[in-house]
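Every chain is numbered from 1 and lettered A, B, ... according to where its sequence line falls, protein lines coming before strand lines. All values below come from the heavy atoms of this structure, side chains included, with hydrogens, waters and symmetry mates left out.
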Amino acid sequence: MNRFPSYCTRLLFALALAACSREDPAPTTPAQDGHLALGNPSGAVTDAASPTNYLLLKPQYALSYHRDKGIPNWVSWHLSSAWLGASARQDDFRADPDLPAGWYQVSASSYSGSGFDRGHNCPSADRTASVADNSATFLMTNMIPQAPRNNQQTWGDLEEYCRTLARAGNELYIIQGQYGTGGVGSSGARTTIDNGRVTVPKRVWKVVVVLPVGTADATRVTASTRVIAVDTPNDNGLDPAWGGYRTSVDAIEAATGYDLLSAVAPAVQQAVEARVDNGPTQ
DNA sequence: CTGTTGGCC
DNA sequence: GGCCAACAG
């Protein structure tokens, strides 16, 4: 669940008290807040000596990259209406220039003919406030080989629902990742593509923390905060309805070994991570 | 790189 | 119409 020393708990509690004792300004306008405000699930670092858990921090999202799998371990981003605008989908899939020199660079054509989509983690449509923001989502470090039905239907619907929540006055902290090896695309089962350079993940998961619009602050998460955790098979035969794949954050942590929402107070983590969401799905 | 096509809500 | 794409030229 967490490895948070108790002094951190007390510190956060003190900070929360301090924040409450001040004159609170009225609810803030939607902002573009920190992508790792709720934690760094795998302790990723931007160090070439950490090729399987390499932290890439971009203005639009943060991710942990696995060089030898050619895909991210997880991608974390903030979503509020401040990220939503009128910029068109750029479709400029390309290699990520921010990887260390000498690492294999997955390219725009690496997935061609594989039977798997170039599936975004941080979706194109979540970053439409500027052309630069949208373009950043097309870096191949943000992609996984994703079964077309998983990507275009099940996942597409969940992403659309998240934007609906954002437009309705919420801000969301979203962490998506993948684990395991081997999926079933439109041309059958594969464990890798691109001559073995890119691993096809077995499962794709997402954790969504839904807060009313405010500042980036883990102390705003309470035991009653809505947290939606989903874990789907990367298999073209899956159900298009994402609601049936809901699970607990605890289950995703057990499957991945990550510590999710680690910046949230331990008692709150215990409450929200054990729960399975049963709220609306559209 | 542009234009076209296709599936789904 | 919007969003997810692949593919042809």
Side-chain angles (χ1 to χ4, degrees), chain A residues 60-61 63 70-72 75 77 79-97 105-168 170 172 174 176-178 183-190 192-195 197-198 200-201 203-206 208 228 230-246 279-282:
Chain A
Q60 296 82 10
Y61 52 87
L63 67 79
I71 57 175
V75 182
W77 68 100
L79 177 61
S80 71
S81 60
W83 288 102
L84 303 177
S87 297
R89 180 183 170 97
Q90 296 301 301
D91 264 324
D92 50 351
F93 293 93
R94 62 199 186 281
D96 191 329
Q105 296 209 329
V106 178
S107 73
S109 60
S110 290
Y111 293 21
S112 294
S114 68
F116 291 89
D117 282 359
R118 296 171 294 191
H120 285 72
N121 274 248
C122 179
S124 164
D126 278 14
R127 292 291 179 264
T128 53
S130 73
V131 168
D133 283 353
N134 186 261
S135 180
T137 70
F138 287 88
L139 294 167
M140 292 304 293
T141 48
N142 185 41
M143 304 295 168
I144 54 165
Q146 194 169 6
R149 283 177 194 275
N150 183 303
N151 182 35
Q152 299 175 28
Q153 296 179 38
T154 316
W155 223 245
D157 289 354
L158 174 52
E159 291 165 352
E160 190 59 46
Y161 178 61
C162 288
R163 286 187 291 275
T164 299
L165 291 174
R167 291 191 199 96
N170 297 292
L172 287 66
I174 304 173
Q176 173 170 342
Q178 27 276 330
V184 182
S186 59
S187 304
R190 300 287 297 272
T192 65
I193 61 174
D194 198 12
N195 296 314
R197 294 286 200 172
V198 176
V200 178
R203 307 282 303 190
V204 188
W205 56 268
K206 184 185 295 242
V208 183
I228 306 169
V230 174
D231 188 350
T232 66
N234 190 22
D235 185 322
N236 230 21
L238 88 173
D239 191 328
W242 63 266
Y245 293 107
R246 281 179 284 192
T281 58
Q282 56 183 336

What's [X] touching, base or sugar-phosphate or nothing? Going by heavy atoms closer than 4.0 Å.
| X | value |
| --- | --- |
| A/F116 | sugar-phosphate |
| A/P148 | nothing |
| A/S124 | sugar-phosphate |
| A/E160 | sugar-phosphate |

Can you measure [X] atom [atom1] to [N] atom [atom2] for me and round it to whole angstrom units?
| X | N | atom1 | atom2 | result |
| --- | --- | --- | --- | --- |
| A/F138 | C/dC3 | CZ | C1' | 10 Å |
| A/N236 | C/dA5 | CG | C1' | 13 Å |
| A/E159 | C/dG2 | CD | P | 17 Å |
| A/Y111 | C/dC7 | OH | P | 15 Å |
| A/H120 | C/dC4 | NE2 | P | 7 Å |
| A/L158 | C/dC3 | CG | P | 16 Å |
| A/Q153 | B/dG6 | CD | C1' | 12 Å |
| A/R127 | C/dC3 | CZ | C1' | 16 Å |

Item checked: Candidates B/dC8, C/dC3, C/dA5 - which lies nearest the side chain of A/R149 ->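 Looking only at side-chain atoms, A/R149 lies closest to B/dC8.
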For [N], take OP1 and OP2 only and decide whether either is under 4.0 Å from a side-chain N or O of [X].
| X | N | answer |
| --- | --- | --- |
| A/R89 | C/dC3 | no |
| A/N151 | C/dA5 | yes |
| A/R118 | C/dA5 | no |

Item checked: Short side-chain to backbone donor-acceptor contact, A/Y161 and A/P280, under 3.5 Å ->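 Yes, because the side chain of A/Y161 sits within donor-acceptor range (under 3.5 Å) of the backbone of A/P280.
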Margin query: Between A/R118 (side chain only) and A/M140 (backbone N and O only), is there a donor and an acceptor less than 3.5 Å apart?
Written below: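 Not at all, since once roles are kept as given, no pair shorter than 3.5 Å links the two residues.
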Notebook entry, point to check: Going by atom types alone, do A/R94 and A/S135 pair a side-chain donor with an acceptor below 3.5 Å?
Noted result: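 Yes, A/S135 and A/R94 have a side-chain donor paired with an acceptor closer than 3.5 Å.
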Item checked: A/W205 ring center within less than 6.0 Å of A/Y245 ring center ->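 No, they do not, as the ring centres are separated by 6.0 Å or more.
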Check: A/F138 and A/F93: aromatic ring centres closer than 6.0 Å?
Finding: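 Yes - the distance between ring centres of A/F138 and A/F93 falls below the 6.0 Å cut-off.
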